[in-house]
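Keep in mind the model is a prediction, meaning the values are calculated, not measured.
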Amino acid sequence: MLENKTIVLGITGGIAAYKAADIASKLTQAGARVDVIMTESATRFIAPLTFRNLTGRPVITSMWELNSEFSVEHIALAEAADIVAIVPATANVIAKIAGGIADDMLTCTVLATLAPVLLAPAMNVNMFENSVTQDNLAKLRARGFAIVEPAYGRLASGKIGLGRLAESEIIISGIRQVLGRSGDLAGKHIVVTAGGTQEPLDPVRHISNRSSGKMGYSVAEAACDRGAIVTLVTAPVSLPEPIGMEIIHVRTANEMKDAVIKATASTDALIMTAAVADYQPKDIAVNKIKKTTDSLILELIKTPDILSEVKGNFLRIGFAAESENVVDNARQKLVKKQLDMIVANDITSTDSGFDVDTNRVTLIDHDGKVENLPLLTKREVADRIMGKLIKLFAR
Ligand code: CTP
């Protein structure tokens, strides 16, 4: 998604300017061409040399630098950009952009570009909550600017409130999502489930499984990057929340089923990556179960099989985590649950399956076609699944 994209990274004068270095570095490592434009006040917070070294590209700090390759044509970057991202965006630059002011290289570029513009505001809480700033942001949102909301937390002033720059991962996923708007899944609505459901025994304990949610989150992000409108129904995981998609948090299999039914009311595909618990405790104790006996027998009852029960006019893709006869078992599930495709993986191998970043899977479609993929990152697996999904849609 980011490879060979021209990303104009605008940096304005706020204490969070140093955090933009991490973003410039990560975008460059992902293969993007990152051209940094700094406002005069940004250079007071962090040196242009930092960005020059991180991006390997000249950094623009003024419209009047004769040694800049962009100085002659001050809108050259505006034309080259696939996206302009301003990180951090101060109240001042937000106001200038909302008002059409173009008095430095960054605001000129924003006014001249036809590329999408993303703003990641960061400022003092009072400045952020001031109705002028809020009105300006609303105006820009209505004009199609993407805004990555600031986080709540401790600010440079010592105050606690809204105004901290969003985490790098969140800003980068925002950039990816904006770049993906014209992707090959644009206009499709895809529901993805992720994580392992938790079935409570009492107020403090539950039965669950080892799913980290990484595969499901990668699938949701891959779909989003290709322009799909994604609803992610997720069981509890400890991963950063991806942005650019609707996220529905659930805990149990029953909650997941309800959320999936609602989300699939108008969807083009359902991808059940979640590790849904097959059984739940028959009774949930109101109070914490005490250690009063030497042994304890739990009675479990079946949870709903979401994938078998939720059907409709949309493609259905399942996952099969198997420890033996991987392809045969997965194929049986494909037939039994009447799926369009199933993604089978062998959970006994250490570099594949639970909790690791890589996976080795086999894709089996309803025509019986079997495709063995090599060991890939979960994100690469997700991209291959998207490739297959596009073919299924075309059919
Ligand atoms: N699944 C589901 N609801 C369940 C159990 C599983 O929707 N209660 C979905 C999973 O999300 C997955 C697919 O069905 O996409 C296969 O899940 P898996 O756990 O491999 O198979 P099960 O049907 O549970 O069969 P078994 O546990 O006996 O292997």
Side-chain angles (χ1 to χ4, degrees), residues 149 170 173 177 185 187-201 203 205-282 284 300-321 333-334 336-343 354 378 382 385-386 389 392-393:
E149 295 297 332
I170 294 180
S173 56
Q177 198 249 336
L185 283 175
K188 297 283 186 207
H189 178 216
I190 298 178
V191 178
V192 181
T193 64
T197 63
Q198 298 179 349
E199 311 301 329
L201 282 167
R205 304 182 182 93
H206 59 250
I207 298 176
S208 192
N209 58 66
R210 288 178 51 206
S211 171
S212 64
K214 285 181 183 167
M215 193 61 243
Y217 275 51
S218 297
V219 168
E221 282 174 358
C224 201
D225 281 355
R226 288 169 180 249
I229 300 156
V230 177
T231 302
L232 174 64
V233 179
T234 178
V237 295
S238 28
L239 296 172
E241 268 204 0
I243 72 152
M245 62 184 77
E246 183 190 14
I247 301 182
I248 299 168
H249 292 276
V250 295
R251 187 174 180 209
T252 64
N254 278 295
E255 285 172 18
M256 184 169 275
K257 182 186 157 193
D258 291 346
V260 168
I261 290 174
K262 235 189 214 162
T264 51
S266 64
T267 196
D268 297 293
L270 166 65
I271 308 180
M272 282 290 303
T273 321
V276 186
D278 289 329
Y279 292 93
Q280 65 191 60
K282 182 164 178 272
I284 304 173
L300 303 177
I301 53 169
K302 260 195 181 166
T303 56
D305 188 324
I306 303 171
L307 204 41
S308 296
E309 292 183 27
V310 182
K311 293 197 178 105
N313 193 19
F314 48 84
L315 293 177
R316 290 154 64 253
I317 298 180
F319 272 69
K333 284 177 191 170
L334 172 101
K336 191 170 146 215
K337 302 192 187 201
Q338 298 171 358
L339 305 178
D340 296 282
M341 178 166 90
I342 196 152
V343 182
F354 293 123
K378 286 189 172 167
I385 295 169
M386 290 307 117
L389 182 64
L392 289 173
F393 277 133

Item checked: Chi angles and distances behind the side-chain contact (heavy atoms from CB on, under 4.5 Å) call for Glu241, Ile247 -> CA-CA 8 Å; Glu241 268 204 0; Ile247 301 182; 3.9 Å; yes
Next item on the list: Apply the test side-chain contact (heavy atoms from CB on, under 4.5 Å) to residues Thr252 and Thr197: give CA-CA distance (whole Å), side-chain angles for both, the deciding distance (0.1 Å), then the verdict.
Entry: CA-CA 5 Å; Thr252 64; Thr197 63; 5.5 Å; no
Notebook entry, point to check: Does the side-chain contact (heavy atoms from CB on, under 4.5 Å) test come out yes or no for Ile317 and Ile342, once each step is laid out?
Noted result: CA-CA 6 Å; Ile317 298 180; Ile342 196 152; over 6 Å; no
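Counting only residues at least two apart or in different chains, salt bridge (charged side-chain N to carboxylate O under 4.0 Å, His left out) contacts with residues 207-217 comprise Lys214-Asp357.
Closest approach of Ala320 and Lys333 over heavy atoms only: CB-CD, 4.1 Å. Across all non-hydrogen atoms, the minimal contact from Leu300 to Tyr279 is CB-CB, 3.8 Å. Listed here is the closest heavy atom pair of Ala382 and Ala222: CB-CB, 3.8 Å. Nearest approach of Pro200 to Pro281, heavy atoms of both residues: O-CG, 3.3 Å. Of all heavy-atom pairs spanning Gly216 and Leu232, the tightest one is O-CD1, 4.4 Å. Heavy atoms only, all atoms of each residue included: Gly213 and Ala194 are closest at O-CB, 4.3 Å.
Side-chain contact, Tyr217 with Ser212: no donor N or O sits under 3.5 Å from an acceptor N or O.
When the side-chain contact (heavy atoms from CB on, under 4.5 Å) test is applied to Ala228, the partners found at least two apart in sequence or on another chain are Leu185, Ile190, Ala223, Val230. Lys282 pairs by the side-chain contact (heavy atoms from CB on, under 4.5 Å) definition with Glu299, Ile301, not counting sequence neighbours. Take Thr231 and apply the side chain to side chain donor-acceptor pair (under 3.5 Å) test, not counting sequence neighbours, and it matches His189, Glu246. Every residue meeting the side-chain contact (heavy atoms from CB on, under 4.5 Å) condition with Lys311, not counting sequence neighbours, appears here in chain and number order: Arg316, Gln338. Annotation: salt bridge (charged side-chain N to carboxylate O under 4.0 Å, His left out) contacts of Asp305 (sequence neighbours excluded): Lys337. Take Glu149 and apply the side chain to side chain donor-acceptor pair (under 3.5 Å) test, not counting sequence neighbours, and it matches Arg141. Annotation: side chain to side chain donor-acceptor pair (under 3.5 Å) contacts of Lys378 (sequence neighbours excluded): none. With sequence neighbours excluded, no residue forms a side chain to side chain donor-acceptor pair (under 3.5 Å) with Thr193. With sequence neighbours excluded, the residues satisfying side-chain contact (heavy atoms from CB on, under 4.5 Å) with Thr273 are Val192, Met215, Val219, Ile271, Phe319.
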Using a 3.5 Å cut-off and no angle test, enumerate the donor-acceptor pairs between side-chain atoms of residues 253-260 and protein atoms at least two apart in sequence or in another chain.
unit_1, atom_1, unit_2, atom_2, d
Asn254, ND2, Gln280, OE1, 3.0
Glu255, OE1, Arg251, N, 2.7
Lys257, NZ, Glu309, OE1, 2.8

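Proximity of His249 to Val233: side-chain heavy atoms (C-beta onward) are nowhere separated by under 4.5 Å. Within the 4.5 Å cutoff, the side chain of Thr303 has heavy atoms near those of the Glu199 side chain.
For the pair Asn209 (side chain) and Ala275 (backbone), a donor-acceptor distance under 3.5 Å is present.
Atoms OG1 and CE, from Thr234 and Met245 in turn, are 10.5 Å apart once rounded to the nearest 0.5 Å. Note: Leu315 CG to Phe393 CZ = 5.0 Å, rounded to the nearest 0.5 Å. The distance from atom CG of Leu307 to atom CG of Leu270, rounded to the nearest 0.5 Å, is 6.0 Å. Separation of atoms CD1 (Ile248) and NZ (Lys262) is listed at 7.5 Å; rounding is to 0.5 Å. Between the CG atom of Asn313 and the OG atom of Ser266 there is a distance of 11.5 Å, given to the nearest 0.5 Å. The structure places NE2 of His206 at 9.0 Å from CG of Leu201, a figure rounded to the nearest 0.5 Å.
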